[in-house]
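Each chain gets a letter, A, B and so on, in the order the sequences are listed, and its residues count up from 1. All values reported here derive from a predicted model rather than from experimental measurement.
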Amino acid sequence: MPKTFSEKLLAWYKLNKRDLPWRHTRDPYKIWISEIMLQQTTVTAVIPYFERWIKCYPTMKSLAAAGEQELMSSWEGLGYYSRVRNIHKAAKIMVRDFEGNVPDDPKALIKLPGFGPYTVGAVLSIAYGLREPIIDANVRRIVMRLHAIKGKADASVDVKILPWIEKTLPRGQMSEFNQAFMELGALICSRQPQCLQCPVKEFCRAHDKGVQDEIPEPKKVSYIDVEMVAAVIRHGDKYYIQQRSGKGVLSGLWEFPSSELLKGESSLGAAKRLMEEQRCDDCSRITKLGLVRHYYTNHRVKLHAYLCDVNSLPEEDLIHRQVILAQMKEFAMHSGAVKIAEKLG
DNA sequence: AAGCCGGGGAT
DNA sequence: ATCCCAGGCTT
């Protein structure tokens, strides 16, 4: 009796799986947190954040009771900050409606903020062992190769591959199986696949045809280049920072006042203009701190940082603060601002 | 369906 | 320098 796809995959996983923090638990709360952190984020980036998070917020109730700013600081540097706001909202709902438990019902889960098709399936299978499919970037790439489906790896191929995934799911060992699927994509069936080591190559049509390197087709990215200036406004040992508000990019994070360079404007000229806009007309000295590169999504930002010594800082309010360097780490800042702040130490 | 939303590792 | 990552939300 030849071994099935899932038998082969599970046997390989048992021998080759990485030792990752969230594989030491079946606590649905912790599995959920790991799944949100891992969205569009590499395992190595997540590990330290996950460890710290579980120490700070070991339970659903401790998370629901935490403050928004505190959570933003815990997330600082991980990116996609709407994730942490959705985690907080969902935790409050789960405390209110589900006694602080993660529901094991797909219809209830999908209604919670931050739970899409992937995360619902991941929590249900990995934490509860339910027979639910998941399609992440790994699974999508693997199944496209298994069936030699050409094209880009986007969600539009999911309808084609889902039937095969569903009929291939094993009875039992679902927590292991779905993780094994993703692990295969991370370790073997990666961008440049290691087909010789693949435990399921006998099921792979792309391997048969020798086209595994052409699937999936790379998606073309177009960058938007932006040049900005940031004013580090200082009086004595106090610095002036502001919070990005509302919606849009990096919303809720703190930063130094900044502005995009106007057409033909020099960075120093922009810094002086920015100081006028901040009503800082008493600037006694302005010196360049350096150039910081800040890349996010499809933006490539060159951020010119200027240190501006003033005789009096602008007034404080809800979204503007005067802080000393030691206090600054209590305010969640985006990576561009953090890189500038590091120049002040 | 397509665009938005971060940051850093891998190549 | 480019591509991508245990996706979800909005339009």
DNA chain C-proximal residues of [range], any heavy atom under 4.0 Å:
{"range": "residues 149-180 of chain A", "value": "none"}
{"range": "residues 37-47 of chain A", "value": "A/Leu38, A/Gln39, A/Gln40, A/Thr42"}
{"range": "residues 119-129 of chain A", "value": "A/Thr119"}

Round to a whole Å and report the spacing from [atom1] of [X] to [atom2] of [N].
{"X": "A/Asp213", "N": "B/dT11", "atom1": "CG", "atom2": "C1'", "value": "14 Å"}
{"X": "A/Lys219", "N": "B/dG3", "atom1": "NZ", "atom2": "C1'", "value": "13 Å"}
{"X": "A/His299", "N": "B/dG3", "atom1": "NE2", "atom2": "P", "value": "13 Å"}
{"X": "A/Leu250", "N": "B/dC4", "atom1": "CG", "atom2": "P", "value": "14 Å"}
{"X": "A/Trp75", "N": "B/dG7", "atom1": "CH2", "atom2": "C1'", "value": "13 Å"}
{"X": "A/Arg191", "N": "B/dG9", "atom1": "CZ", "atom2": "C1'", "value": "14 Å"}

Given the P atoms of B/dG8 and C/dG8, what is the spacing between them in whole Å?
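Roughly 23 Å separates the two P atoms.
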
Can you check the distance between B/dT11 and C/dA6, where both ends of the measurement are the P atom (answer in whole Å)?
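Approximately 13 Å lies between the P atom of B/dT11 and that of C/dA6.
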
For [X], answer base if it contacts any base atom (sugar-phosphate contacts may also be present), sugar-phosphate if it contacts only those atoms, and nothing otherwise; contact means non-hydrogen atoms under 4.0 Å.
{"X": "A/Trp32", "result": "nothing"}
{"X": "A/Arg293", "result": "nothing"}
{"X": "A/Gly248", "result": "sugar-phosphate"}
{"X": "A/His334", "result": "sugar-phosphate"}

Ionic contact status for [Y] with [X], cut-off 4.0 Å:
{"X": "A/Arg18", "Y": "A/Glu183", "value": "yes"}
{"X": "A/Glu277", "Y": "A/Arg273", "value": "yes"}
{"X": "A/Lys219", "Y": "A/Asp154", "value": "no"}
{"X": "A/Lys8", "Y": "A/Glu202", "value": "yes"}

Tell me whether [X] contacts the main-chain N or O of [Y] through its side chain, where contact means a donor paired with an acceptor under 3.5 Å.
{"X": "A/Arg285", "Y": "A/Val310", "value": "no"}
{"X": "A/Arg83", "Y": "A/Ile36", "value": "yes"}
{"X": "A/Lys209", "Y": "A/Ala206", "value": "no"}
{"X": "A/Tyr306", "Y": "A/Leu268", "value": "yes"}

Is there a side chain to side chain donor-acceptor pair (under 3.5 Å) between A/His24 and A/Asp19? Walk through the geometry before answering.
CA-CA 8 Å; A/His24 295 171; A/Asp19 179 22; 2.5 Å; yes

Between A/Gln192 and A/Ile224, which has a closest nucleotide on DNA chain B that is more 5'?
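Nearest nucleotide further toward 5': that of A/Ile224.
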
What's in the same ILVMFWY side-chain cluster as A/Ile324, cut-off under 4.5 Å, chained through other members?
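Its cluster mates, by chain and number: none.
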
Can you classify the ring geometry of A/His147 versus A/Trp164 as parallel (below 30°), tilted (30 to 60°) or perpendicular (above 60°)?
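If you compare the ring of A/His147 with that of A/Trp164, the planes turn out perpendicular.
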
Pair A/Ser335, A/Glu76: side-chain N/O donor-acceptor within cut-off below 3.5 Å:
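No - no donor-acceptor pair under 3.5 Å links their side chains.
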
Please determine whether the number of non-hydrogen atoms from other residues, nucleotides or ligands lying under 6.0 Å from atom CD of A/Glu265 exceeds 12.
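Yes, because the 6.0 Å sphere around CD of A/Glu265 holds more than 12 heavy atoms from other groups.
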
OP1, OP2 of B/dG6 versus side-chain N and O of A/His294: anything below 4.0 Å?
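Checking A/His294 against B/dG6: no side-chain N or O falls below 4.0 Å of OP1 or OP2.
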
Contact list for DNA chain B against residues 76-90 of chain A - heavy-atom distance below 4.0 Å:
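When residues 76-90 of chain A is checked for heavy atoms under 4.0 Å from DNA chain B, the hits, listed by number, are A/Gly77, A/Leu78, A/Gly79, A/Tyr80, A/Tyr81.
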
Please figure out whether A/Ile110 or A/Ser34 has its closest DNA chain C nucleotide nearer the 5' end.
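Final value for this comparison: A/Ser34.
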
Judged by each residue's nearest nucleotide on DNA chain C, which is more toward the 5′ side, A/Ala186 or A/Arg300?
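Its nearest nucleotide lies further toward 5', so the answer is A/Arg300.
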
Any chance the rings of [X] and [Y] have centres within less than 6.0 Å?
{"X": "A/His320", "Y": "A/Tyr240", "value": "yes"}
{"X": "A/Phe5", "Y": "A/Phe181", "value": "yes"}
{"X": "A/His294", "Y": "A/Tyr296", "value": "yes"}

Tell me whether the NZ or CZ atom of A/Arg52 lies within the 45° cone about the ring axis of A/Tyr49 and under 6.0 Å from its centre.
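Ring-cation test returns yes.
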
Would you grab the first and last nucleotide of DNA chain C (5' to 3') that comes under 4.0 Å of any non-hydrogen atom in chain A?
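Here the contact window of chain A covers C/dT2 to C/dC9.
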
